Every structure is written in C-alpha cells, then in structure tokens.
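Some notes on the structure that comes next.
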Amino acid sequence: MSKLRAVKGMNDWLPADARRHRVLEDTFRRVAGIYGYGEVRTPLVEPTPLFVRSIGEVTDIVEKEMYTFEDKGGKTLTLRPEGTASCVRAYLQHNVQASGPVTKWFYSGPMYRRERPAKGRYRQFHQVGCELYGDAGPFGDAELIDLAHRFLTELGIEGPRVLLNSLGSGDTRQRYRDALLAFLKPRAAELSEDSQRRLERNPLRVLDSKAPQDQEVSADAPSILEFLSQDDQTHFDDLRRTLDQLKTPYEVQPRLVRGLDYYTRTLFELKGGSADLGSQDTLCGGGRYDGMVEQLGGPPTPAIGFAMGVERLLLSMAEGDPSAGCDAFLVVTPAQRQLAVGVLSQLRSAGLRVDSDIRGGSLKSQFRRADKSGAPFALVLGDDEASAGTLQVKDLREGTQTAVAVSATASHVLENLKAP
Ligand code: HAM
C-alpha cells in the first residue's frame with residue numbers, strides 16, 4: 001500500500017510552528033485592533049462565480065489555480081484562493097453598509113491555490129488581511145499601509161520596504177492599457193508564451209511576469225504614472241504626503257502591478273526580512289478596489305485592503321520559538337510518581353503550564369528533559385518534599401533553588417517568570 005502523505009503543497013503544523021503562528025496571529029489581532037478593525041470569519045468554500053467575477057478571468061488564479069469541484073447537489077464550488085472576494089460577498093449579504101458608512105474588517109485563515117510548490121509558495125497557505133469599506137482615501141490608504149508596516153516592524157522583520165504605485169481609475173487604465181499595448185505589440189515575439197497569449201486581453205500582466213524575457217521587454221515600457229488623471233494624481237500626491245507625515249517609508253514603483261484584476265488607484269506591496277525567498281519575497285500585497293462591491297451587485301462603495309502570507313512572514317521572522325512550551329517541568333523520584341499525578345493537577349488548575357516525563361526514569365535523565373523542554377523552571381518532588389508538602393523550585397537560567405509549599409508553587413513560578 002502506498003504511504004499516506006499530506007496533499008502536495010499542503011503542510012502540517014507541529015506544535016513549535018503552530019505556536020509561532022499563534023504569536024503572529026495574536027500580534028496581528030492586536031495591531032489591527034488598535035486601528036479599529038474587527039474580525040470576520042467567512043467559509044473556506046464559496047460559489048465559484050464569486051472568484052471568477054471579482055478576481056478576473058484572465059488571471060493565474062482563475063485560469064489555472066483554483067480548487068473547484070461540484071458538490072452532490074451539482075453546484076460548482078471553489079476553495080477560497082484569497083479573502084477579499086469573500087469579504088465583499090459577506091459585506092453585501094449582511095447589508096453591512098446600512099450599519100454605518102465605514103467598515104473595517106480583518107481576517108486570518110487558510111487559502112488555496114494550485115501553484116507550483118516552492119519555498120514560500122504553497123497550495124494551502126495562510127493569510128492575515130484587512131479590508132476597509134466606505135472610505136475613498138487617501139487617509140484610509142495611508143493608515144492601512146501604516147498598519148501593515150507597523151505589523152511587520154512589531155514582528156521584528158528587518159527593514160520592511162513599502163513599494164507603492166497608482167493604477168489610476170476610470171479611463172486612466174484604458175488609456176494606459178492602449179499605450180502599453182502599442183509598446184508591447186511590436187515586441188510580442190520576444191515575450192514569453194504566457195505573455196503573448198495574454199497580451200491583447202490583459203497587457204498589464206506582462207509587467208508582473210517573472211519571466212526574464214518579459215522583464216527585459218517591459219523595462220522600457222511607458223509608466224502608468226504619466227497617464228494619471230488630475231483626480232488620480234491628487235489622490236496619489238495626498239497619499240504620499242500622509243505617509244510622509246506618518247513617517248512610513250515607501251518607494252514609488254511605477255511598474256508595480258499585481259496578479260488580481262480588481263485594483264484601482266493605490267497599489268502596494270511590502271517586502272523585507274533576511275530570508276532568501278527568491279521570487280516569493282512579497283510578504284504583503286494590497287490595493288484599492290473601488291469597483292468590486294458594485295460589480296458584485298452592491299451600491300458603489302470604495303474599498304481598499306491587503307493580505308499577507310503567514311508562511312512567508314514566519315520564514316522572514318527571526319528564528320526561535322517565541323514562547324517556550326511550558327513554564328515548569330516536574331522532576332519526580334520513583335517513589336513519588338503516584339503523588340505527582342495530584343501535584344501536576346493542582347499546579348495546572350492554578351494556571352501553571354507544567355510538563356513532566358510520565359515514564360519516570362533517572363533524575364539525571366529527567367533533568368535533561370527539563371532542560372530540553374525549554375521550561376525556565378524545574379520543580380523537584382522527592383521523598384523529603386513529599387513529607388514536607390513542598391517542591392524544590394529550581395531556576396534553570398540562574399541555577400538557584402528554593403523550597404516552596406506545593407500550594408504556593410504556581411504563583412511563585414508565575415511571579416518569577418515576569419521578573420526580567
Ligand atoms: P495576493 O498578492 O494574491 O493578494 O496575496 C497576498 C499575499 O499572500 C502574497 O503577498 C503572499 O505573501 C501570500 N501568498 C499568495 N499566494 C501564496 C502561496 N501560494 N503560498 C504562500 N503565500 C502566498 C491577495 O490575496 C489579495 N486578496 C490582497 C488584497 C486584500 N487586496 C485587497 N485586499
């Protein structure tokens with residue numbers, strides 16, 4: 001029988017990874033919270049047309065990466081490849097605009113894209129993201145970019161860089177599209193097969209291509225910033241001024257485009273950290289998508305958001321387990337193993353995260369396991385302690401040891417954990 005393995009590109013999270021993920025999520029919740037964002041949770045599965053209509057038919061995601069299947073009732077469903085379309089669907093379905101002009105949501109969860117797996121690119125991956133409805137910017141845009149930048153800084157990611165562009169709105173895109181097409185068409189033969197195929201329907205995607213021949217051709221392409229209307233230009237200038245005021249560093253990248261079709265005006269990405277992620281180095285992608293709510297059947301509603309790849313963030317963060325598994329490790333002499341059952345239960349009820357080697361073994365080997373566990377304290381329960389109703393509390397960092405009544409041990413350890 002062939003070995004059972006996880007689906008290619010989909011990963012298990014063992015406790016150390018899950019713990020780092022949890023710390024990251026907690027940090028995201030806190031940072032999003034201080035900007036006034038509330039959490040939403042939407043289903044992992046949505047009707048396929050939601051993604052086709054919002055993300056765009058001529059995109060990698062819709063053309064070849066969606067996990068789409070028919071359910072038993074004959075409906076075509078798709079595992080969500082991203083969170084933005086689902087948020088808009090939920091926003092409309094629950095008539096959220098009726099409860100106030102501005103809505104700020106954040107989310108965290110798994111997404112699915114059938115991409116070629118590589119370091120930092122998976123078929124099941126996780127995103128944390130924010131979406132803001134009802135504000136046309138540019139202050140909301142600046143605040144959102146500032147939030148993303150602050151989050152990366154709080155995670156300890158070195159030198160986060162914000163790359164910024166504007167795609168304009170209304171007929172700006174169309175005028176730029178025409179100019180780009182006029183530039184690319186005579187060079188079509190030099191482009192990759194994918195780009196040649198997309199040229200007529202979506203020439204902007206050529207700028208986003210990772211193929212070296214496409215990058216060479218597009219290096220001299222006209223810049224969209226030369227095509228912005230007066231309103232777009234004012235929006236972009238005001239956004240830049242506000243980012244300067246917030247002291248959020250950014251770099252204007254006129255050739256920045258993104259793989260989803262729904263963007264208008266503000267477009268941004270964040271990179272950073274020391275991990276070598278190759279072409280998977282975009283930690284965060286986002287932008288304004290003022291047309292989507294209306295396109296999915298709602299009233300005209302400006303919107304902007306971003307999403308970050310959790311796996312990429314974890315690869316980019318400093319190594320190390322941000323919180324050790326346990327506060328203390330109980331070391332027990334063979335005669336006290338029965339008593340230890342009750343002591344462990346008492347300590348856990350008092351809120352202490354405590355582990356022990358339930359197989360017993362020599363004191364030396366138990367101390368070795370205590371060290372390996374990463375717990376800062378070892379608690380020793382020997383015959384003397386058993387008759388005195390105490391535990392020896394050994395600070396494994398300092399090497400000091402004190403006898404403490406069992407009933408007071410949890411608070412003693414927790415108090416000392418807080419000490420610097
Ligand atoms: P996206 O650029 O497709 O945008 O994805 C955002 C981030 O998710 C990427 O920068 C990357 O860090 C991560 N990511 C994407 N695909 C993978 C993958 N296969 N494996 C690992 N990480 C991945 C969106 O998803 C938009 N919904 C962002 C947005 C929100 N725009 C407006 N609101």
Side-chain angles (χ1 to χ4, degrees), residues 7-11 21 24 28 32 37 40 42 46 50-51 54-56 59-62 64-67 79-89 91 103-133 137 140-141 144-145 147-148 151-152 155 157 160-163 167 205 208 210 256-273 275 277-293 302-317:
V7 175
K8 189 175 168 195
M10 304 201 181
N11 300 311
H21 189 169
L24 183 149
F28 188 69
Y37 283 74
V40 283
T42 60
E46 296 275 3
L50 173 66
F51 301 118
S54 55
I55 295 172
T59 55
D60 281 346
I61 295 180
V62 172
K64 53 188 183 193
E65 294 170 359
M66 295 202 303
Y67 283 94
L79 287 181
R80 64 181 185 191
E82 55 112 50
T84 308
S86 305
C87 284
V88 171
R89 198 244 336 113
Y91 178 81
T103 302
K104 291 171 157 187
W105 279 353
F106 79 86
Y107 53 88
S108 170
M111 308 290 163
Y112 302 85
R113 296 183 195 177
R114 202 172 184 287
E115 295 196 71
R116 194 166 47 80
K119 185 177 176 190
R121 187 172 60 214
Y122 311 100
R123 290 180 170 179
Q124 176 183 275
F125 60 99
H126 296 74
Q127 284 186 339
V128 291
C130 285
E131 311 292 347
L132 166 61
Y133 301 104
D141 305 34
L144 196 75
I145 294 171
L147 187 170
F151 173 55
L152 293 195
L155 286 183
I157 288 178
R161 293 168 61 212
V162 177
L163 313 177
L167 286 184
R205 297 284 292 122
D208 195 32
K210 301 272 190 286
L256 178 69
V257 290
R258 300 187 16 74
L260 303 104
D261 270 0
Y262 48 62
Y263 293 113
T264 53
R265 288 197 165 161
T266 309
L267 197 69
F268 60 95
E269 287 188 350
L270 274 79
K271 302 190 178 202
L277 290 174
S279 58
Q280 278 71 251
D281 64 344
T282 304
L283 303 177
C284 170
R288 190 160 272 292
Y289 50 100
D290 290 342
M292 198 198 292
V293 176
I304 182 167
F306 69 75
M308 302 197 187
V310 168
E311 286 80 358
R312 292 186 194 182
L313 292 173
L314 291 175
L315 286 166
S316 307
M317 280 162 65

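Start at 1 and go down the list; that is how both ligands and their atoms are numbered. Numbering of residues begins at 1 and proceeds along the displayed sequence. Note that this is a predicted model, so its numbers are computed, not measured.
Looking at atom 31 (N) of ligand 1, its nearest protein heavy atom turns out to be Y263 OH, 2.6 Å. Atom 7 (C) of ligand 1 has A307 O, 3.6 Å as its closest protein atom, hydrogens excluded (heavy atom only). Nearest protein heavy-atom contact of atom 21 (C) of ligand 1 is G120 O, 3.2 Å. The nearest heavy-atom contact from the protein to atom 8 (O) of ligand 1 is Q127 NE2, 3.1 Å. Looking from atom 33 (N) of ligand 1 to the surrounding protein, the closest heavy atom is E131 OE1, 2.9 Å. The shortest contact between atom 13 (C) of ligand 1 and any protein heavy atom is with G309 CA, 3.5 Å. At the top of the distance list for atom 20 (N) of ligand 1, counting protein heavy atoms only, stands Y122 N, 3.0 Å. For atom 9 (C) of ligand 1, the nearest protein heavy atom (residue, atom name, distance) is T282 O, 3.9 Å.
Those atoms of ligand 1 that come under 4.0 Å of a heavy atom in T84, given as number and element, are 26 (C), 27 (N), 29 (C), 30 (C), 31 (N), 32 (C), 33 (N). Short contacts between ligand 1 and E115, defined as distances under 4.0 Å to a heavy atom of the residue, involve ligand atoms 16 (N), 17 (C), 18 (C), 19 (N). Atoms of ligand 1 found under 4.0 Å from any heavy atom of Y289 (numbered from 1 in listed order, with element): 32 (C), 33 (N). Of all atoms in ligand 1, numbered sequentially from 1 with element shown, those under 4.0 Å from a heavy atom of F306 are 29 (C), 30 (C), 32 (C), 33 (N). Taking every non-hydrogen atom of G285 and a distance limit under 4.0 Å, the qualifying atoms of ligand 1 come out as 10 (O), 28 (C), 29 (C).
With a 4.0 Å cut-off on non-hydrogen atoms, I304 does not touch ligand 1 at all. The residue M111 has no part lying near ligand 1, judged by heavy-atom distances below 4.0 Å.
Using a distance-only test at 3.5 Å, with no hydrogens or angles considered, a donor-acceptor pair links the side chain of R123 to the main chain of E115. Not a single donor-acceptor pair under 3.5 Å links the side chain of R114 to the backbone N or O of M66.
For G287, the closest heavy-atom approach to ligand 1 falls below 4.0 Å. Heavy atoms of R121 come nearer than 4.0 angstrom to ligand 1 in at least one pair.
Nearest to atom 22 (N) of ligand 1 by heavy-atom distance, out of Y262, F125, F268, is F125. Counting only non-hydrogen atoms, the option in R113, E82, R258 that gets closest to atom 3 (O) of ligand 1 is R113.
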Query raised in the report: Stepwise, does the side-chain contact (heavy atoms from CB on, under 4.5 Å) test hold for Y37 with L132?
Result: CA-CA 8 Å; Y37 283 74; L132 166 61; 3.6 Å; yes
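Taken from CG in L314 to CG in L283, the straight-line distance is 10.5 Å, to the nearest 0.5 Å. Note: I145 CD1 to I304 CD1 = 6.0 Å, rounded to the nearest 0.5 Å. One finds the NZ atom of K104 at 9.0 Å from the CG atom of L144 (value rounded to the nearest 0.5 Å).
The closest side-chain donor-acceptor pair between T266 and D141 falls under 3.5 angstrom. In this model, no donor atom of one side chain and acceptor atom of the other lie less than 3.5 Å apart for Y112 and E82. Y107 and E131 are linked by a side-chain donor-acceptor pair at a separation below 3.5 angstrom, with hydrogens and angles left out of the test.
Legend: residues meeting salt bridge (charged side-chain N to carboxylate O under 4.0 Å, His left out) with R258, ordered by chain and number and at least two apart, are E269. In this structure Q127 satisfies the side-chain hydrogen bond (donor to acceptor under 3.5 Å, both in side chains) test with no other residue, sequence neighbours excluded.
Between L283 and ligand 1, an N or O atom pair is found at a separation short of 3.5 Å.
Taking the six-membered ring for Trp and the full ring otherwise, the centers of Y289 and Y262 sit less than 6.0 Å from each other.
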